[in-house]
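Below is one structure, written out as structure tokens; comments come after it.
Values below: every heavy atom of this structure, side chains too, minus hydrogens, waters and symmetry copies. In the text below, chain A, chain B and the rest are named by the order of the sequence lines, each starting its count at 1.
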There are 2 protein chains.
Amino acid sequence: MGRGEATRERILAIAESAVLAKGFGATSIEELIAEAGITKSGFFYHFHDKNALARALLERYMAREDAQLDDVFARGRELAGDPLHGFLAGLKLLAETMSDLPGDYPGCLVATYCYQERLFDRDVRELNRRIVLRWRLRFSAILDEIVVQQPPRAPVDTQALADMVSTIIEGGLVLSRATGDSQILPTQLMLLRHYIQLLFEP
Amino acid sequence: MGRGEATRERILAIAESAVLAKGFGATSIEELIAEAGITKSGFFYHFHDKNALARALLERYMAREDAQLDDVFARGRELAGDPLHGFLAGLKLLAETMSDLPGDYPGCLVATYCYQERLFDRDVRELNRRIVLRWRLRFSAILDEIVVQQPPRAPVDTQALADMVSTIIEGGLVLSRATGDSQILPTQLMLLRHYIQLLFEP
DNA sequence: CGGTTCACCGTACCGGACGTCCAGTTTGAC
DNA sequence: GTCAAACTGGACGTCCGGTACGGTGAACCG
């Protein structure tokens, strides 16, 4: 990573935590450059305007999130003999990961963006949308595999069930933040896991 | 409702939709008074600063939400012979209500506030927290009643399950907004309903 | 060794947003 | 007719945010 890239990355890291804490609109460029130790001109060298920052933040976030989910569910799959129990193990690992997160409680950029829609241009909103659809695809692929192997107790809409994973994560984050209780999200993930157990286990 | 109260209410209504669309930080007082047809002095006559507006918005929102939930679950209870099926009916009614909401997709003030924490003073944050705990109490009371009458298939943490209702609603709103698909929230509510069915029905 | 590019710095500017102040005016209730 | 409530009008201060643009040191390149 060259010097420029390092600065860019530093700005993004600072911006992400600020945006998650206060929202995008309330995060000032001045505040970012102060913490990053650069000038305003330096900032605008890397991002042509604030929307470009928003997009870069979201792209970075998506890549990291993807990698984390890949990892968690791959590890879950390795622990189990069949897709169902691999998925269940993955959900448990995810809950544990979420439960051990340090410091100020984290949020989801997708959620902060969708509650400030009007601040962003079409590109950013479309990217946000694609991220959610990507999650749906990720989980529905796993669920489709499970359905083939393990006939469910009741007919299952794998897309809706895939969305349920995202729904629980987003909702759990909101509740965790609102109450200050970081255990809500992992607990909710375990309830989802239980639902899937009831659905598929004999 | 006197003249003053009517103006105040008008400001709040305008502010609520603006805040849900763009976030609190990005909603300007100037913009609100333009739409309300009053002057800045008029605004500050009703709200001593922006935080006071935030608190009033949240209080109004909570009252409305409470009334709606009261209504929906009371109607559900009337349709059914026992608490379990009353709750299930209530969830279905709620899903239908959410599915028929008109116009630009609605959100939840609690969620927008908790993703912009730093903008608000302690009072507002505490109020936000109390709203979520109130929801927990509301649903766990129903669930406790159900558990007594209908032994669940597996041991149930009624508080966590109560939180699951809020989690699904908040998460469903995020996904609905992000994708632009207003059916996600009702669909997710029906999945939650199904989980509760599996938990309690023989 | 000259030139070019990268990665910034310094500084200036404009408008917008919050908030204050205060004097004056309309409205409705009694 | 009086009084308080509910505003209007407009000026003002202050901060910040996005933008613009010219300069500059270091690194690389031929």
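Checked against ring pair (Phe, Tyr, Trp, His ring centres under 6.0 Å), B:Phe47 has the following partners two or more places apart in sequence or in another chain: B:Phe43. Residues meeting the side chain to side chain donor-acceptor pair (under 3.5 Å) test with B:Asp163, sequence neighbours left out: B:Arg136. Residues passing the ring pair (Phe, Tyr, Trp, His ring centres under 6.0 Å) test with B:Phe120 are B:Phe24, B:Tyr113, sequence neighbours excluded. Applying the side-chain contact (heavy atoms from CB on, under 4.5 Å) test to A:Ser182 and every residue at least two apart in sequence or in another chain returns A:Tyr105. Qualifying ring pair (Phe, Tyr, Trp, His ring centres under 6.0 Å) partners for B:Tyr195, counting only residues two or more places apart in sequence or in other chains: A:His194, A:Tyr195. Among residues two or more places apart in sequence or in another chain, the ring pair (Phe, Tyr, Trp, His ring centres under 6.0 Å) test is passed with A:Phe44 by none.
Rounded to whole Å, the distance from CG on B:Leu53 to P on C:dC18 is 10 Å. As a whole-Å value, the separation of B:Leu32 CG from C:dG19 C1' is 15 Å. B:Lys50 has its NZ atom 10 Å from the P atom of C:dA17, to the nearest Å.
Under the salt bridge (charged side-chain N to carboxylate O under 4.0 Å, His left out) criterion, no residue pair touches residues 77-94 of chain A, with sequence neighbours excluded.
The phosphate of D:dA6 (OP1 or OP2) has no side-chain N or O of B:Thr7 nearer than 4.0 angstrom.
Looking at residues 21-31 of chain B, you'll see B:Thr27, B:Ser28, B:Ile29, B:Glu30 sit with a heavy atom under 4.0 Å from some atom of DNA chain C. For the contact set between residues 35-49 of chain B and DNA chain D, defined by any heavy atom under 4.0 Å, the members are B:Gly37, B:Ile38, B:Thr39, B:Ser41, B:Gly42, B:Tyr45, B:His46.
Counting non-hydrogen atoms of neighbouring residues, nucleotides and ligands closer than 6.0 angstrom, the CZ atom of B:Arg10 exceeds 12 such neighbours.
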